[in-house]
Amino acid sequence: MEFKNNELLRQFEARCGENFIVIEYSIQERKLFLTKLHENGCEDEEKISKFISLILDGAEERKLRIVPVNSKIVTFFKKNPSYKELLATGIKI
């Protein structure tokens with residue numbers, strides 16, 4: 001799965017069939033705030049999880065800490081404890 005970082009709109013985009021999955025973000029002080037997840041009719045949970053994993057892997061390479069604001073992204077962290085080390089200091093999930 002490939003995704004695009006649309007820096008102008010501050011969102012990550014990936015294809016899901018004919019629709020797009022979109023995660024809006026903000027970067028402040030070496031922290032990546034994942035603010036909104038728009039599924040746009042995509043019901044393939046595996047694709048959505050893979051999309052989030054790719055974003056988190058990219059953030060790890062850039063040495064960014066993650067601040068999940070969206071409830072579905074928080075749920076992803078609960079289901080995948082291996083990514084909890086990427087959370088910003090003081091965030092417990």
Side-chain angles (χ1 to χ4, degrees):
M1 170 184 252
E2 293 183 27
F3 72 95
K4 176 184 172 189
N5 180 1
N6 188 335
E7 293 181 14
L8 180 64
L9 297 176
R10 292 187 318 231
Q11 64 187 22
F12 299 108
E13 304 167 345
R15 282 266 208 215
C16 180
E18 295 181 13
N19 299 321
F20 278 100
I21 308 168
V22 176
I23 294 180
E24 295 180 18
Y25 70 87
S26 174
I27 296 178
Q28 300 173 12
E29 300 176 9
R30 308 287 303 154
K31 292 179 186 159
L32 177 64
F33 290 78
L34 301 175
T35 56
K36 292 184 182 177
L37 171 65
H38 301 282
E39 297 173 356
N40 297 325
C42 180
E43 297 183 15
D44 188 350
E45 293 295 325
E46 188 174 317
K47 274 193 174 183
I48 295 170
S49 292
K50 180 70 174 164
F51 178 44
I52 295 171
S53 295
L54 290 171
I55 291 170
L56 296 179
D57 292 340
E60 185 175 25
E61 289 175 14
R62 294 177 56 194
K63 295 185 171 62
L64 294 174
R65 292 300 195 189
I66 306 298
V67 179
V69 178
N70 184 275
S71 62
K72 288 205 173 198
I73 297 173
V74 170
T75 303
F76 175 84
F77 275 97
K78 288 179 182 177
K79 290 181 180 178
N80 300 284
S82 61
Y83 287 107
K84 286 188 178 182
E85 63 193 33
L86 295 176
L87 292 172
T89 305
I91 296 179
K92 304 272 190 238
I93 293 181

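This structure is a prediction, so every number in the text was calculated from the model and none was measured. What's counted below: heavy atoms across the whole structure, side chains too, no hydrogens, waters or symmetry copies.
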Side chain to side chain donor-acceptor pair (under 3.5 Å): pairs with one or both residues in residues 77-87, sequence neighbours excluded: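 For residues 77-87, and leaving out neighbouring residues, the side chain to side chain donor-acceptor pair (under 3.5 Å) pairs sorted by first residue read D57-Y83.
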Residue pair [X] / [Y], side-chain heavy-atom distance below 4.5 Å:
X   : Y   : value
H38 : Q11 : no
I48 : D44 : no
F3  : I23 : no
L87 : P68 : yes

So, the side chain of [X] versus the backbone of [Y]: is there a donor-acceptor pair under 3.5 Å, distance only?
X   : Y   : result
R65 : R30 : no
T35 : E24 : yes
N19 : N40 : yes

Mind checking the [atom1]-[atom2] spacing from [X] to [Y]? Nearest 0.5 Å is all I need.
X   : Y   : atom1 : atom2 : answer
I93 : I66 : CD1   : CD1   : 10.5 Å
K72 : S49 : NZ    : OG    : 10.0 Å
R15 : K4  : CZ    : NZ    : 11.0 Å
E43 : E45 : CD    : CD    : 8.5 Å

Can we call the ring centroids of Y25 and F12 under 6.0 Å apart?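 Yes, the ring of Y25 comes within the 6.0 Å limit of the ring of F12, centre to centre.
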Enumerate the disulfide (SG to SG under 2.5 Å) contacts for residues 30-93, please, sequence neighbours excluded, ordered by first and then second residue.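 Passing the test, one end in residues 30-93: C16-C42.
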What residue among I21, V69, V22 forms side chain to side chain contact (heavy atoms under 4.5 Å, CB included) with L37?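 It is I21, the one option of I21, V69, V22 that forms the side chain to side chain contact (heavy atoms under 4.5 Å, CB included) with L37.
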Let's go through I91 and K31 carefully: what are the C-alpha distance in whole Å and the side-chain angles of both, what is the deciding distance for side chain to side chain contact (heavy atoms under 4.5 Å, CB included) to 0.1 Å, and is it a yes or a no? CA-CA 12 Å; I91 296 179; K31 292 179 186 159; over 6 Å; no
Transitive ILVMFWY cluster of L8, excluding itself - 4.5 Å side-chain cut-off: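 Besides L8, the cluster holds no residue at all.
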Assess whether side chain to side chain contact (heavy atoms under 4.5 Å, CB included) is satisfied between L56 and F76, documenting all intermediate values. CA-CA 11 Å; L56 296 179; F76 175 84; 3.5 Å; yes
Do L9 and F20 share a hydrophobic cluster, counting only Ile, Leu, Val, Met, Phe, Trp and Tyr and linking them when any side-chain heavy atoms are less than 4.5 Å apart?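 Per the 4.5 Å side-chain linkage, L9 and F20 are not co-clustered.
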